[in-house]
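Contents: one structure, followed by commentary.
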Amino acid sequence: MLYLKVLDAERQIVNMAEGQNEVNLICERIYQPGDRIILESSEKDIFVWLQFDDAIGQSMVYLKGDVNYPIPFEEKRLHLSPRAFMGDRHLLRVRKARDFEIYQYRNLAFSAVDHHENRTYFPHVSANVETRGESVFAAQNAIDGITVNQSHGEWPYQSWGINMQEDACITLDFGRMVEIDRIVLYTRADFPHDNWWKSVNFTFSDGTTLEMNMRKSSLPHEITFPIKQVYWMEMNQMIKSDEPSPFPALTQIEVYGRERQ
């Protein structure tokens, strides 16, 4: 069974719905600080489509435990569409994914519903630095599916910002073993404000590494390789160009592959 709830700051139930394979929850309420979305499932290690807000859309995630998603306010929502979580009528949805959706070749890194405290559904990203701790420069922006990269700041120009840190790295956790063979990067290209990376390194959970050479461009950078079976991967050792700007940044990372069968 699937149980979808909205709780208030006192953890009282505002609204809830349940279903065997699919749940639609209409919450007619102006969200208040402290409100959160809860998803409970009697099954674990399953794939579900999650929609926390219709302005964000659906993401297929691998569910290993119950979901606890705090509804963002003020600065914490500047990386989202201005329509997200606004108004007094909200459509929340969850549906178990079908096999043909799960096992197709797809971007395994995509999730528009990730957040800092998430440890129960995947993919999930984390980083050793985020510029000034601001939501518009958070690691989760790098997997939200938005590839607009010719400016920086509030939605739709959110990115992962490294705060000029030389040893910055970002880790993508798939939460299970997957098979991958392609990486696509959209680096931020707000030139001349931004710098760019000449090369970046990838470290994989199987112990291998891979270097990607880059160029100054707003176009995606792509690398393919023989299939790797990995639980997680890290992007690190990012070498910026000699141009004067100290601000290289990542708009989006896409990692293509399939689920193991």
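We number each residue from 1, following the sequence as shown.
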Closest non-hydrogen atom pair, [X] against [Y]:
X	Y	value
P123	N118	O-ND2, 4.4 Å
W155	L80	CB-O, 3.2 Å
R258	L108	N-CD1, 3.8 Å
D190	Q150	OD1-O, 3.6 Å
S245	P192	CB-O, 3.7 Å
P70	N68	CD-O, 3.5 Å

- CD/Q104: more than 12 non-hydrogen atoms of other groups inside 6.0 Å: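 Yes, CD of Q104 has more than 12 neighbouring heavy atoms, counting only those of other groups under 6.0 Å.
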- For atom CZ of R119, is the number of surrounding heavy atoms from other residues, nucleotides or ligands below 6.0 Å larger than 12?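 More than 12 heavy atoms, drawn from other residues, nucleotides or ligands, come within 6.0 Å of this atom.
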If Ile, Leu, Val, Met, Phe, Trp and Tyr residues are connected whenever their side-chain heavy atoms lie under 4.5 Å apart, and connections chain through other members, are [X] and [Y] in the same group?
X	Y	result
I162	M212	yes
L92	M86	no
V113	F110	no
V255	I170	yes
L7	F73	no

Rounded to the nearest 0.5 Å, how far does [atom2] of [Y] lie from [atom1] of [X]?
X	Y	atom1	atom2	answer
T187	L250	OG1	CG	7.5 Å
S159	N141	OG	CG	6.5 Å
Q51	L25	CD	CG	11.0 Å
M238	Q165	CE	CD	9.0 Å
E40	L63	CD	CG	11.0 Å
H124	T171	NE2	OG1	9.0 Å

- Task: Could you check H79 against E134 for side chain to side chain contact (heavy atoms under 4.5 Å, CB included), going step by step and ending with a plain yes or no?
- Result: CA-CA 9 Å; H79 65 298; E134 296 177 11; over 6 Å; no
When the ring planes of [X] and [Y] are compared, do they come out parallel, tilted or perpendicular, using 30° and 60° as the limits?
X	Y	result
Y121	F52	perpendicular
F47	Y62	tilted
W197	W160	tilted
F225	F204	tilted
Y105	Y256	parallel

- Under the criterion salt bridge (charged side-chain N to carboxylate O under 4.0 Å, His left out), which of R95, R106, K96 is the partner of E101?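 The passing option is R95.
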Hey, does [Y] have a side-chain heavy atom less than 4.5 Å from the side chain of [X]?
X	Y	value
I71	I37	yes
N15	R29	no
F202	E234	no
Q252	Q158	no
I180	V230	yes
F137	R132	yes
S41	I46	yes
V125	D114	yes

- Under the side chain to side chain donor-acceptor pair (under 3.5 Å) criterion, do W196 and S241 qualify, and how do the steps go? CA-CA 6 Å; W196 54 282; S241 80; 3.3 Å; yes
- Task: Give a yes-or-no answer on whether the side chains of N24 and R93 include a donor-acceptor pair shorter than 3.5 Å.
- Result: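 There is such a pair (donor and acceptor under 3.5 Å, judged by atom type) between the side chains of N24 and R93.
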- Would you say the side-chain atoms of N149 and S218 include a donor-acceptor pair closer than 3.5 Å?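 No - no donor-acceptor pair under 3.5 Å links their side chains.
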Spell out, as yes or no, whether a donor-acceptor pair under 3.5 Å connects the side chain of [X] to the backbone of [Y].
X	Y	result
K64	G175	yes
T224	D181	no
D194	F191	no
T131	N163	yes

- Task: For L185 and M235, run side chain to side chain contact (heavy atoms under 4.5 Å, CB included): C-alpha distance rounded to whole Å, both residues' side-chain angles, the deciding distance at 0.1 Å, then the answer.
- Result: CA-CA 11 Å; L185 297 182; M235 189 173 93; 3.8 Å; yes
Does [X] pair with [Y] as a salt bridge, N-O distance under 4.0 Å?
X	Y	answer
R36	D8	no
D66	K44	yes
E254	R182	no

- Sequence neighbours excluded, which residues qualify as salt bridge (Lys or Arg N to Asp or Glu O under 4.0 Å) partners of E243?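 By the salt bridge (Lys or Arg N to Asp or Glu O under 4.0 Å) rule, E243 matches K216.
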- Is the H193 to F247 ring centre distance short of 6.0 Å?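 Yes, they do, as the ring centres are separated by less than 6.0 Å.
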- Stepwise, does the side chain to side chain contact (heavy atoms under 4.5 Å, CB included) test hold for I38 with Y69? CA-CA 6 Å; I38 302 295; Y69 182 89; over 6 Å; no
- Message: Which residue is it: V200, N213, L210? I am looking for the one with a side chain to side chain contact (heavy atoms under 4.5 Å, CB included) to I223.
- Response: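 It is L210, the one option of V200, N213, L210 that forms the side chain to side chain contact (heavy atoms under 4.5 Å, CB included) with I223.
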- Task: Begin with the C-alpha distance, continue with both residues' side-chain angles, and end with the deciding distance and a verdict on salt bridge (Lys or Arg N to Asp or Glu O under 4.0 Å) for E179 and K228.
- Result: CA-CA 5 Å; E179 297 181 345; K228 295 179 179 292; over 6 Å; no
- Task: May I have the step-by-step check of side chain to side chain contact (heavy atoms under 4.5 Å, CB included) for I26 and E28, ending in yes or no?
- Result: CA-CA 6 Å; I26 311 300; E28 295 186 310; 4.1 Å; yes
